[in-house]
A.B. asks: 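Let me give you the structure first, and then I'll get to my questions.
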2 protein chains.
Amino acid sequence: MAERERTPSPPTISEVAATAGVGRATAARTLGGYGYVSPELRERVLAAAEQLGYRANALARSMSTGVTHTLGVIVADIGNPFFAGVVRGISDTSRERGFDTIVLSTHESLSEEIAAMNVLIDKRVDGVIVASAAVERADVAHLTAAIERGIPVVLVDREVSHLDLDAVVIDNREAAREAVDSLIRAGHTRIGFVWGPTTEGRPATRRELLAAASRNLWTDAERLRGYLDALDDAGIPFDPDLVMVGEKTESRATDEVTRMLALPERATAVFCTETDAMTGSLRAVRAAGLAYPADVSLIGFDDSSWAAVMDPPLTMIEQPMHELGETAAATLLSLIDGKATPRSRHTLETKLISRASVSAPPVADR
Amino acid sequence: MAERERTPSPPTISEVAATAGVGRATAARTLGGYGYVSPELRERVLAAAEQLGYRANALARSMSTGVTHTLGVIVADIGNPFFAGVVRGISDTSRERGFDTIVLSTHESLSEEIAAMNVLIDKRVDGVIVASAAVERADVAHLTAAIERGIPVVLVDREVSHLDLDAVVIDNREAAREAVDSLIRAGHTRIGFVWGPTTEGRPATRRELLAAASRNLWTDAERLRGYLDALDDAGIPFDPDLVMVGEKTESRATDEVTRMLALPERATAVFCTETDAMTGSLRAVRAAGLAYPADVSLIGFDDSSWAAVMDPPLTMIEQPMHELGETAAATLLSLIDGKATPRSRHTLETKLISRASVSAPPVADR
DNA sequence: CTGTTAGCGCCTTCAA
DNA sequence: TTGAAGGCGCTAACAG
């Protein structure tokens, strides 16, 4: 029961070998689980290890084998439930295969993403999964650098244009198109889009809008394109006043939707591309003294148990967060195994969960 | 532009030294940022490193220095928004100080927690932060083992009885007491508790209930105690029928609340200790054709933007998730720095956010 | 089957 | 100030 503060230098394989009375290599072989060892010595070694409380030093092992059994994960924000779900998927499937995960948050900053990649390179991870904030062609040096060093990289959630990497994503554009289309089929023509690009001024033309979008996150741009697709398919003219611009915050969404609801020809439906965009919109609807779906129809991205218990319950697009992570990890792992996989581009299914936040527009506005 | 698949053996410090025409040690000194090096040679080395794209091998460095600049984090589920928030806090503050984190999910299983700790020990992390599922005295061997090996451990979110470790928690008991008390002050005496212990049968007595609770998660037990405290303070008799037992799932919560709402003397308020307990309860209230707060008052744990946009908005207890993480990381870091800190027990503040889901009980039930 | 011997890449005395 | 040499703990040929 002595509580001595002995310098806790953990037992090494040599000590185990010594107390077992065998050579280093023999101990290493049985403890490392490779090579042949006679049952006798094996027993002795195991006993000694047990007695000493031996645990292999993974660092030393990695030094000589060159593999760390560790995956790097780079996301914008591990605190965001979406990424948390993805990371959980990555973590679960890699753990199953004996890989651990070190995850870094970039706060959506490219420079932090680059720093994160360097950390992972330095730590010699066996591969990395990244939801990259890179959009410009010049933004991808850190990704190609990793690959040149022999570290496989797979993209998750976000593709990076003109970069031929394995990617696991959803079809944001189609998911958005489908959602907006369902609004159109319900009779809406004045459909708000929240949130849009983070420009300062309001893009006057469709071309400007698209240009602005392409300077933003890939997912956001895709969702905007899907919105426009649906409008086009239905021959509904695009109205710049119906797309939110500016900071992507809940309160900004509230302001913008409030504005859209006050337009001469007001919005009768709102499509939200993110959770906080939806809660912000909801606040605007309430503040305007309107009710959904009677006055305004609503569809949002990223289903949650909350959305289902709203009154009325919200129609939402469900993303397979966990599966995105699982698939990304599985892809990366097979890359690490040296499987000669051609570049893959997994597009996972989303699901439009119809509940009760969509109805026909009010008669007065039709 | 050759896409050669050269074996990407990264440049070592020796190569840098060679191409700079200096000794290994000199290169190591300038690249490692220690010891004296003349400006001249320093320049040469830096240039060579730059040219070769040199990056220090953190494994090798850790091998010889004995530190990894890596923190281990063990939580039940990184996909859970609460833990995701905590991890984000840990990650942010440790990153600031040059530490990375490797996080492991245990799925609330003690054996996975033990395995996780072993992984971290093997990887020689400098310290670990754990939200432990340990409850029995016999469950803490892996925690003490880490400490004996010289790896500092700090608990977050959950204390572990009879184990003298630094801990960063909230006062679950007081938070619960306060919430339930506010219900009582609104006039309620029939207050449901969701969720309770995962026993099979329904504890008949208060003693049995407490015993069952103490076999469960620390946080859950504390919240239950707080509930009982509030009842005691007000002289309201405890009724076993008003506490949920069984699996902690949303649907189970719905079933149990449905039951409580159908009691001869039905519940007129429900206190929920977790997000899914709240959404499950909400479903039960709706299904019973009741409205809140008119028919049933509601208070829940873990505020979110959804809770604020419910109609009516929900009164919730807010936990400082990010700050829990920050504080835990800061505490661990100072332990690692060898600061002679006496055992600390940080209890962070929660906040009862009063919104509109609490009112007086309906007259008929008073 | 077992033990000896080199490294892995870096840090760290210790002379020079 | 600089360079040579040894060691961190483990794996991996290599003889024996």
Side-chain angles (χ1 to χ4, degrees), chain A residues 7-46 48-49 52-70 121-126 149-150, chain B residues 7-46 48-49 52-70 118-119 121-126 149-150:
Chain A
T7 308
S9 138
T12 73
I13 214 166
S14 306
E15 303 183 38
V16 175
T19 92
V22 304
R24 243 194 278 257
T26 304
R29 272 191 282 263
T30 100
L31 263 12
Y34 59 93
Y36 297 95
V37 177
S38 68
E40 281 189 40
L41 294 195
R42 167 176 214 74
E43 264 322 301
R44 297 230 307 266
V45 172
L46 256 20
L52 264 44
Y54 172 79
R55 299 237 97 227
N57 182 331
L59 294 172
R61 179 169 289 172
S62 294
M63 276 250 42
S64 52
T65 60
V67 299
T68 52
H69 284 282
T70 304
I121 290 175
D122 293 352
K123 286 212 193 300
R124 300 300 192 260
V125 296
D126 296 333
R149 281 174 184 265
Chain B
T7 307
S9 138
T12 72
I13 213 165
S14 304
E15 304 183 39
V16 174
T19 91
V22 303
R24 245 194 274 256
T26 305
R29 273 191 281 264
T30 99
L31 264 11
Y34 59 91
Y36 297 96
V37 177
S38 67
E40 281 189 40
L41 294 195
R42 168 176 216 73
E43 264 323 300
R44 297 232 308 267
V45 172
L46 257 20
L52 264 45
Y54 172 80
R55 298 237 99 227
N57 182 330
L59 294 173
R61 179 167 288 172
S62 295
M63 276 249 42
S64 52
T65 60
V67 300
T68 52
H69 284 282
T70 304
N118 284 334
V119 165
I121 290 176
D122 292 353
K123 285 211 193 299
R124 299 300 191 262
V125 296
D126 296 333
R149 280 174 184 265

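These values consider heavy atoms only, across backbone and side chains, with no hydrogens, waters or symmetry-generated copies. Order of the sequence lines sets the chain letters (A, B, ...), proteins ahead of strands, with each chain counted from 1.
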A.B. asks: What nucleotide, of D/dC8, D/dG3, D/dT11, holds the atom closest to the side chain of B/M63?
C.D. replies: D/dC8
A.B. asks: I want to check one thing: is the phosphate of D/dT2, taken as OP1 and OP2, less than 4.0 Å away from some side-chain N or O of B/T26?
C.D. replies: no
A.B. asks: State which of D/dT11, D/dG9, D/dT1 makes the closest approach to the side chain of A/T65.
C.D. replies: D/dT11
A.B. asks: With a 4.5 Å heavy-atom cut-off, do A/R55 and B/R149 have their side chains touching?
C.D. replies: yes
A.B. asks: Does B/L41 reach a base, just sugar-phosphate, or nothing at all? Heavy atoms under 4.0 Å.
C.D. replies: sugar-phosphate
A.B. asks: Is it the case that B/R42 and B/T30 place a side-chain donor and acceptor less than 3.5 Å from each other?
C.D. replies: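 No, B/T30 and B/R42 have no side-chain donor paired with an acceptor closer than 3.5 Å.
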A.B. asks: Could you tell me from which nucleotide to which nucleotide of DNA chain C, 5' to 3', there is an atom under 4.0 Å from chain A heavy atoms?
C.D. replies: C/dC1 to C/dG9
A.B. asks: On DNA chain D, does the nearest nucleotide to B/V22 precede the nearest nucleotide to A/R29 from the 5' side, or the other way round? Give the residue.
C.D. replies: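 Here B/V22 is the residue nearer the 5' end.
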A.B. asks: Quick check: do A/K123 and B/T70 have side-chain heavy atoms less than 4.5 Å from each other?
C.D. replies: yes
A.B. asks: Would you say that B/R44 contacts B/V22 through its side chain, given a criterion of any heavy-atom pair below 4.5 Å between the two side chains?
C.D. replies: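 With C-beta onward as the side chain, the pair touches.
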A.B. asks: If we only count heavy atoms from C-beta on, is the B/L31 to B/V16 side-chain gap below 4.5 Å?
C.D. replies: yes
A.B. asks: Mind listing the closest non-hydrogen atom pair of A/A20 and A/A48 along with its distance?
C.D. replies: CB-CB, 3.8 Å
A.B. asks: Using heavy atoms to find the nearest nucleotide of DNA chain C for B/S64 and A/A60 separately, return the residue whose nucleotide is more 5′.
C.D. replies: A/A60
